[in-house]
Asks: 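Before we start, here is the structure in question, set down as structure tokens.
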2 protein chains.
Amino acid sequence: MYEHGVKATSVDDVLVASGCGKSQFYHYFSGKNDLVAAVLEYQFEIVLGGIHEFRLDTWSGIRAWFDSLLVGQEQRGFKGCPVGSLTVELSASSPSLQRHVAEAFSRWENILADALTSMKRKELLEPRAQPVLLAETTLSAIQGGYLLSTARRDIRPMETALAAAYTHLRTSRARR
Amino acid sequence: MYEHGVKATSVDDVLVASGCGKSQFYHYFSGKNDLVAAVLEYQFEIVLGGIHEFRLDTWSGIRAWFDSLLVGQEQRGFKGCPVGSLTVELSASSPSLQRHVAEAFSRWENILADALTSMKRKELLEPRAQPVLLAETTLSAIQGGYLLSTARRDIRPMETALAAAYTHLRTSRARR
DNA sequence: TACTCTTTGTACCAGACAGTACAAGACTCC
DNA sequence: GGAGTCTTGTACTGTCTGGTACAAAGAGTA
């Protein structure tokens, strides 16, 4: 589903790939939508889980995280953000999946905002920095970078976007 | 296709909506892929055509353009960028459509880069500003903003992203 | 052993899908 | 006005789709 899109991946495709029978599938999932929700959950878990390897409340941690995103995008063959691609396709689908997506993005944003708030407390960010807005901006840059990089099959646009995002964060750093 | 996705829109759907017969369709298009390519072309034409209403080589023009993007996203019911959504779905499809997408994005980027180069010539941007990088960053912010805004059905994230993009451009402005 | 409840394999279904066949209508040019 | 080309409507085909039916296998238990 990540590679070919949700719509383009049939239940039968999944069954073949997993080596399961149909009855098994419909025993554990109520239908395709249920599976899609599970995939979404799974992908978000990976993305959000990956974040915790980094100390996002330090400048070097943020940089390391950005680098890991770049490496991942290249290694996976420019297939885009595991959740970004799903998001676009599902944003036009059933409301329940839609809510799922929105909520997952909020969680992601909150993790960033929390880290930035922590940086503010540690006086790495200036007092009037706005963590929530900075988190939103950063996430936008990441997603936009993924999209351009995927469209062009080139890591450069994403590098540029993340570098700009980092610069933008740095403009809110505390100066002593 | 913009509303429901390419895969989710059947040829028959298109025929019903257009009031055309099947033979008519296959007379003018070699198949669904051909239609998709035309849709992509059409959407890019609209997006790129809309740009020319603005003087992107002025600060106020850029701001006006950004505002128009925001208004459009809200008016169209948070359906995302007309080309961004297609891009994501098609980036996993046939290589010919893929190339189409990549090329169209390059055109978009070039328009921005040209405008920024012009600003540099007019000494609105500092001499060491890099139009191509700035254009890439701006485009990333736009696409990322669209994506978040669509996922959350809220204009705020896109506002934030565009405001940050504008600020980022302004950091390269010439100081006299 | 016999009785359950859970889990799985196989065959099947009705509808949607992209695309084709073919003939008939419309138009152009001599 | 007629031959030939361009355009269109209708019916059809084979394949794929998500989902169901149903029976059999397996696991637990008294």
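Given the structure is predicted, the values throughout are model-derived calculations rather than measurements. So you know, we letter chains A, B, ... as the sequences are listed, proteins then strands, and number each from 1.
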Asks: For B/T58, enumerate each residue passing the side-chain contact (heavy atoms from CB on, under 4.5 Å) test, keeping only those at least two apart in sequence or located in another chain.
Replies: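 By the side-chain contact (heavy atoms from CB on, under 4.5 Å) rule, B/T58 matches B/R55, B/S60, B/K122.
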Asks: Distances under 3.5 Å between protein N/O atoms and the N/O atoms of nucleotides 19-25 of chain D, please, pair by pair.
Replies:
unit_1 : atom_1 : unit_2 : atom_2 : d
D/dG19 : OP2    : A/Y26  : OH     : 3.2
D/dG19 : OP2    : A/K32  : N      : 3.0
D/dG19 : N7     : A/K22  : NZ     : 3.0
D/dG19 : O6     : A/K22  : NZ     : 2.7

Asks: Within the structure provided, determine whether A/F54 and A/I62 are in side-chain contact (heavy-atom separation under 4.5 Å).
Replies: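 They are not in side-chain contact.
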Asks: Considering residues at least two apart in sequence or located in another chain, which fulfil the salt bridge (charged side-chain N to carboxylate O under 4.0 Å, His left out) criterion with B/E126?
Replies: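 Per chain and number, B/E126 pairs via salt bridge (charged side-chain N to carboxylate O under 4.0 Å, His left out) with B/R128.
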Asks: Let me have the donor-acceptor pairs involving side chains of residues 82-91 of chain B, under 3.5 Å, with sequence neighbours excluded, atom names and distances please.
Replies:
unit_1 : atom_1 : unit_2 : atom_2 : d
B/S85  : OG     : B/C81  : O      : 2.5
B/T87  : OG1    : B/V83  : O      : 2.6
B/E89  : OE1    : B/V6   : N      : 2.9
B/E89  : OE2    : B/V6   : N      : 3.2
B/E89  : OE2    : B/K7   : N      : 2.9
B/S91  : OG     : B/V88  : O      : 2.9

Asks: Taking OP1 and OP2 of C/dT7, is either one under 4.0 Å from a side-chain nitrogen or oxygen of A/H27?
Replies: yes
Asks: Send over the distance from A/D13 CG to D/dT15 P, rounded to a whole Å.
Replies: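 From A/D13 CG to D/dT15 P: 17 Å.
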Asks: Please produce a list of atom pairs where a protein N or O lies less than 3.5 Å from an N or O of nucleotides 27-29 of chain C.
Replies:
none

Asks: Whether the side chain of B/D67 engages the backbone of B/A64 through a donor-acceptor N/O pair (distance < 3.5 Å, no angle test) should be reported.
Replies: no
Asks: Need to verify one output field. Residue with the more 5' nearest nucleotide on DNA chain C, B/S10 or A/C20?
Replies: A/C20
Asks: Quick check for you: to the nearest 0.5 Å, what is the distance between B/M119 atom CE and B/L125 atom CG?
Replies: 5.0 Å
Asks: If you fit an axis to the five pairs at each end of the helix from C/dT1-D/dA30 to C/dC30-D/dG1, how big is the angle between those two axes, to 10 degrees?
Replies: 0°
Asks: Assess the side chains of A/T117 and A/D114: does a donor N or O sit below 3.5 Å from an acceptor N or O?
Replies: no
Asks: To the nearest angstrom, how far is B/L15 atom CG from D/dT7 atom P?
Replies: 18 Å
Asks: Compare every heavy atom of B/Y2 with every heavy atom of B/G80, then report the nearest pair and how far apart it is.
Replies: O-OH, 2.7 Å
Asks: Rounding to an integer number of Å, can you tell me how far B/F29 CZ sits from C/dT20 C1'?
Replies: 18 Å
Asks: Is there a side-chain contact between A/D12 and A/L15, using heavy atoms and a 4.5 Å cut-off?
Replies: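 Yes. Closest side-chain heavy atoms under 4.5 Å.
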Asks: Say whether B/Q73 and B/T150, considering side chains only, have a donor N or O and an acceptor N or O under 3.5 Å apart.
Replies: yes
Asks: Do other residues, nucleotides or ligands put more than 12 heavy atoms under 6.0 Å from A/Q98 CD?
Replies: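 It does: A/Q98 CD has more than 12 such atoms within range.
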